[in-house]
2 protein chains.
Amino acid sequence: MLQGVIENNANYQPGLSIDCVIFGFHDNQLKVLLLKTPFESKWSLPGGFVPIDEDIDTAAVTVLNVRTGIEGIFLRQFAVFGKVKRNDKHFNDTVLDYLKIPQQEVKWFTQRFITIGYYALVDFLKAVPQKGNHQETISWIDHKEVPELILDHKEILDKALDTLRTELNLMPIGYNLLPEKFTIPELQKLYETILDRKLDRRNFLRKITHIGILNKLDEKKSNVAHKAPNLYSFDTQKYQEVLKNGLNQGW
Amino acid sequence: MLQGVIENNANYQPGLSIDCVIFGFHDNQLKVLLLKTPFESKWSLPGGFVPIDEDIDTAAVTVLNVRTGIEGIFLRQFAVFGKVKRNDKHFNDTVLDYLKIPQQEVKWFTQRFITIGYYALVDFLKAVPQKGNHQETISWIDHKEVPELILDHKEILDKALDTLRTELNLMPIGYNLLPEKFTIPELQKLYETILDRKLDRRNFLRKITHIGILNKLDEKKSNVAHKAPNLYSFDTQKYQEVLKNGLNQGW
DNA sequence: TTCAAATGTGTTATTATGAAGCAATGTACT
DNA sequence: AGTACATTGCTTCATAATAACACATTTGAA
């Protein structure tokens, strides 16, 4: 959160920020888009503030669009983080100085902040990480190798992953994370990564195809070692239906 | 939201409120605790503001405690509502006058508000609706007969119910809504009410007992028409376990 | 005493799941 | 070219979960 100086405090909702956990999938790894400013040793989630004349969801879309260049992405609010002490150590003099915050606006930045967590699923290859300014670093980091994060961003990230893991039981996932054409083993790796455990190849195939959201293409993946796996695409129509109605109706 | 005048604006998080959807179960009906002030024709959800020195969850617990007198309740954050125009028509002159808001504080109340939705599950018989002031009305209303609500409170209520419906597939429910001793048909009615559809008696019994969270008591319900149903209680130990680990692991 | 309405228990057919076998395919190496 | 090997795709089998339904039991009321 709080990257980039904002123009006029009065135009933004006070004490409220948005943080986005942006997931991508590449090389069989679940990646997260993280930022680092030169004046801090820790990384952070991309975030922003909420303009007083913008819906919070719109503000979140903006953050995402600014950071990935993608539009029409899967974006979902998952939790609000509002512990009293979550940001009271964040804006010390060094940081305020670096950001060139005028004295009269210091109070605005150091006030108690509540942040709304959004998580996004994006196509790794379509998303081009966008720096906010020339000194910033932004990059995809394997979720297993996330460095130390500022504030409670680790907690936010963990909660996002946990939410994703739960939602895997309620809806299909993959349409937003995989390229248009993909293989079943790739999809399985995605599931395994999110769930953090191995699944049986053969049972996975049966179960995933049985949902009825996949189109088997008349094409195989090329340039692979061993047997070439078949390519699939999502049946967007049915995918949306299942997304809406959910799977695994327990009762 | 926004019931009861607050003492000093500066002590509260600006532009942020909390609204609670408090569910109870009685007479085989799912009830919601709603408020009405005499100066408005519409009802509203109980809510409040967030003191700047309090965690948001704590503030929500306070709202709940003030309204029901109960502590240690099941309370869960489920969504944030942050449309720009959600409260711009709310504080007109009549309302501001009724609340005796001083001129210099009007701006605080009419600013754009974002609200965090919490839903609570409480034991109907233990909860005693508490009025905020002598002119307020507070009462349990069947969720099927909810009157017109202020602002976007209907949307908030619907979303809460929808969340509850989804969570039914992920965790057991009932411990917080039913008295200590209850019958299977009662529990089934609760499930049916939340899901808004009939379930097969016999299959429900098999499935619910199979989870392993129920203790069959050596006691039958008295003073009932027809055959007296057996009484059950929850095995709190196992209930908490299942609550933590979830049920219906889809993958 | 009989009836109606609800509860408690059991049966059966179908479907979903977990575990595992085996042939087919493509790469790499001899 | 021939063989080893990793990986994919399809299948079987035993078991568990689910849906649909039958029947006997209990209780208050007619």
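The sequence lines fix the lettering, A, B, ..., with proteins before strands; numbering per chain opens at 1.
One cannot find a donor-acceptor pair under 3.5 Å joining the base of dG8(C) and the side-chain atoms of Arg206(B).
Separating the CZ atom of Phe204(A) from the P atom of dC10(D) is a distance of 15 Å, rounded to the nearest angstrom. In this structure, CG of Leu187(B) is placed 13 Å from P of dT7(C), rounded to the nearest angstrom. Between His210(A) atom NE2 and dT15(C) atom P the separation is 9 Å, expressed in whole Å. Distance Gln249(A) CD to dA16(C) C1': 15 Å, rounded to the nearest Å. Rounded to whole Å, the distance from CG on Leu205(B) to P on dA19(D) is 14 Å. For Leu231(A) and dT8(D), the CG to C1' distance is 13 Å, given to the nearest whole Å. For the pair Trp251(A) CH2 and dT18(D) P, the interatomic distance rounds to 9 Å; values are reported in whole Å. For the pair Ile208(A) CD1 and dT8(D) C1', the computed distance is 17 Å after rounding to whole Å.
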Across nucleotides 23-30 of chain C, 5' to 3', mark each nucleotide with B, S or - according to how protein heavy atoms within less than 4.0 Å reach it. -BBBS---

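No donor-acceptor distance shorter than 3.5 angstrom exists from the side chain of Gln188(B) to the backbone of Phe204(B), with no hydrogens or angles considered.
Among the heavy atoms of the strands lying under 4.0 Å from Lys216(B) are primed sugar atoms or P, OP1, OP2 only; no base atom is included.
Counting heavy atoms from C-beta on, the side chains of Leu161(A) and Val32(A) never come closer than 4.5 Å.
Glu136(B) has no carboxylate O lying under 4.0 Å from a charged side-chain N of Lys131(B), or vice versa, which leaves the two without a salt bridge. Ion pairing between a basic and an acidic side chain is recognised when a charged N comes within 4.0 Å of a carboxylate O; Lys207(A) and Asp200(A) show no such pairing. Contact check on Arg76(B) versus Glu167(B) returns a salt bridge, with a Lys/Arg side-chain nitrogen under 4.0 Å from an Asp/Glu carboxylate oxygen.
Partner of Trp43(A) under the side chain to side chain contact (heavy atoms under 4.5 Å, CB included) criterion, chosen from Ile141(A), Val146(A), Thr37(A), Ile138(A): Ile141(A).
Ring geometry for Tyr239(B) against Phe234(B) counts as perpendicular: the plane angle is over 60°, on a 0 to 90° scale with 30° as the lower cut. Aromatic ring pairs are classed by plane angle as parallel below 30°, tilted from 30° to 60° and perpendicular above 60°; the pair Phe124(A) and His26(A) is parallel.
Checking Asn230(B) against Asn248(A), the closest nucleotide of DNA chain C that is more toward the 5' end is the one next to Asn230(B).
For residues 194-202 of chain B, proximity to DNA chain C is found at Arg201(B), Arg202(B), defined as any non-hydrogen atom under 4.0 angstrom from a strand atom.
Listed nucleotides dC10(D), dC21(D), dT17(C) differ in distance to Asn203(B); the shortest reach to its side chain belongs to dC21(D).
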Test side chain to side chain contact (heavy atoms under 4.5 Å, CB included) on Ser233(B) and Leu217(B); report intermediate values, then the result. CA-CA 7 Å; Ser233(B) 68; Leu217(B) 303 177; 3.8 Å; yes

